[in-house]
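Some notes on the structure that comes next.
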Amino acid sequence: MSVKTRFAPSPTGSLHLGGARTAIFNWLFARHHGGEFVLRIEDTDQVRSTEESLNEIYDSMKWLGLDWDGTPIKQSERLELYNEYANKMLESGKAYKCYVTPEQLADKRKEAQDKGEFFQYKREWADENSGPDKPYSIRILTPDTGEIEVHDILRGKISFDAGEIDDFIILRMDGFATYNFAVVIDDALMELTHIIRGDDHLINTPKQQLIYDALGFNLPEFAHVSMIHGADKTKLSKRHGATSVGAYRDDGYLPEAMINYLTRLGWSFGDEEIFSKDELVEKFTLDNVGKSPAVFNPEKLQWLNAHYIKEKPAKEIAELILPLMNGKGYKAEDDDKLLKIIEQLRERSKTLNDFVSQSSYFYNDVNEYEEKARNKFLTEDTRPVLQALSGKLSSVENFTYDNIQKALEEVVEELDLKFGKIAQPMRVALTGGTVSPGIGEVIEILGKEVVISRIQKAIDSI
RNA sequence: GUCCCCGUCGUCUAGCCGGGCCUAGGACAUCGGCCUUUCACGCCGGUAACAGGGGUUCAAAUCCCCUCGGGGACGCCA
């Protein structure tokens, strides 16, 4: 039997980390088995669903490289279908009309709560204000006794007491299907074989199975993956800071790091930590998915990101950071200089944005010096060092790294100083601060003219 | 409160199913050191966990029971 999975986001916000991980698991599982992976948009909540969110979700999926098969299905376009099936259940006596209004229900619920009782809907209320023209919702007729057994690939058998389950609504008074109903109709009609979703849906599963039964649909396999938690061990949400895929993209994270991290969160393959997408497709199975919730750890994500930055071809990094740099007004170009800068900065960058912030002095004049740096390295004592450097460097004909390095060493020898004594003042003069790649590399990239003028500027500022 | 799920270093996890190789392994973070031209990178080393209690067994992180702890769900939201 071939495999078919789905990701079913509701377009009420951006794609968050938890959703992304379920999407990844579904995608990985389908691709691993050579099956299909489809998208279904759960947009029946007309009020909160927006086109903007939908596009953002599509963008994030594409960015992560999670391609889907076929055209996404939108639940808002299948309303009639749900109606049809709800009526089928009505006809077969598996469901009934309920005239209790939402207001009445709210009152009853509150009353029970005030008494400290557990609220449960009673089907005797159904006809309380019935009438030919009165609006009604459709409720499923659920068994009062017995057990409902759910099979979960990750957790095994889980049984629920049928008596705990209300005659829940499948079609609202406004004619819209409820979540649990639409999900089942779609999952069944789309012929999905495996439903991989968040742990929070585990409780919905017995309810959904009741619908499968009532309609005579075949049950798919279920796998409920545990949630992603924040540092406080509660379900990850906006309170925990950046939780959308888009936010990480904007912060300069690479999709390969994101995929690697999110997959590894709750899934493992021995001691391995680094996985390319292809390796993941090859190695991912549900067997190695853990059951306990995982705390999202930004530091480890960052470490992975740094790792992928270190091994990504400079050319590709250039394409990614060029727009960022020019967005800051750097006037950078896709040239040899950029490539050299990338090679120097990649070991020092944890995100793409780090490239931008660390390369400012390569593209902009140095107009200020960090105060501490200036006080320590641009002084009367270092003036002769800078002068010597300026003189020596001006005489370098062929401004290559080797020649520059040779010139620097000559100055070290002539002044009888340690290398650090000339490197730091130089660094401050050229970059405005005390942190940069090797000074020889910086000089080479900057070029003779700029170097000489910046040294002069530094001397003048003393 | 009720129902369901979960419980190995601070965090992600290996090991658990099919007890012994576990003096519990790896990774991130952290601490110390080395390298050094600053910052990084890299390398070497350290600290750090089987939630607790009972069983079963020659032997338990691994099997069973209880307790405790954490989370999730309890909508005419999805």
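Please read these numbers as outputs of a predicted model, since none were measured by experiment. The sequence lines fix the lettering, A, B, ..., with proteins before strands; numbering per chain opens at 1. The figures that follow rest on heavy atoms only: side chains count, while hydrogens, waters and symmetry mates do not.
Separating the C1' atom of B:A14 from that of B:G25 is a span of 6 Å, rounded to the nearest Å. Comparing the same atom, C1', in B:G75 and in B:G10 gives a spacing of 38 Å after rounding to whole Å. B:G18 and B:U23: their P atoms are spaced 22 Å apart (whole Å). Distance noted for atom C1' between B:C77 and B:C31: 48 Å (whole Å).
Remark: C1' of B:G25 and CD of A:Glu272 are 14 Å apart, rounded to the nearest angstrom. Here B:C6 presents its C1' atom at 13 Å from CG of A:Asp152, a figure rounded to the nearest Å. Protein atom CD1 of A:Ile165 is 18 Å distant from nucleotide atom P of B:U2, rounded to whole Å.
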Contact state string [nucleotides 27-43 of chain B, B base, S sugar-phosphate only, - no protein heavy atom under 4.0 Å]
BS--------BBBSSS-
Reading 5' to 3' through nucleotides 65-78 of chain B, protein heavy-atom contacts under 4.0 Å coded B for base, S for sugar-phosphate only, - for none
------SBS-SBBB
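In this structure, A:Glu124 places its CD atom where more than 12 heavy-atom neighbours from other residues, nucleotides or ligands lie under 6.0 Å away. Open room surrounds CD on A:Glu368; 12 or fewer heavy atoms of other groups in view lie less than 6.0 Å from it.
At the phosphate of B:A14, OP1 or OP2 sits under 4.0 Å from a side-chain N or O atom of A:Ser268.
The aromatic rings of A:Phe25 and A:Phe284 are tilted relative to each other, their planes meeting at an angle between 30° and 60°.
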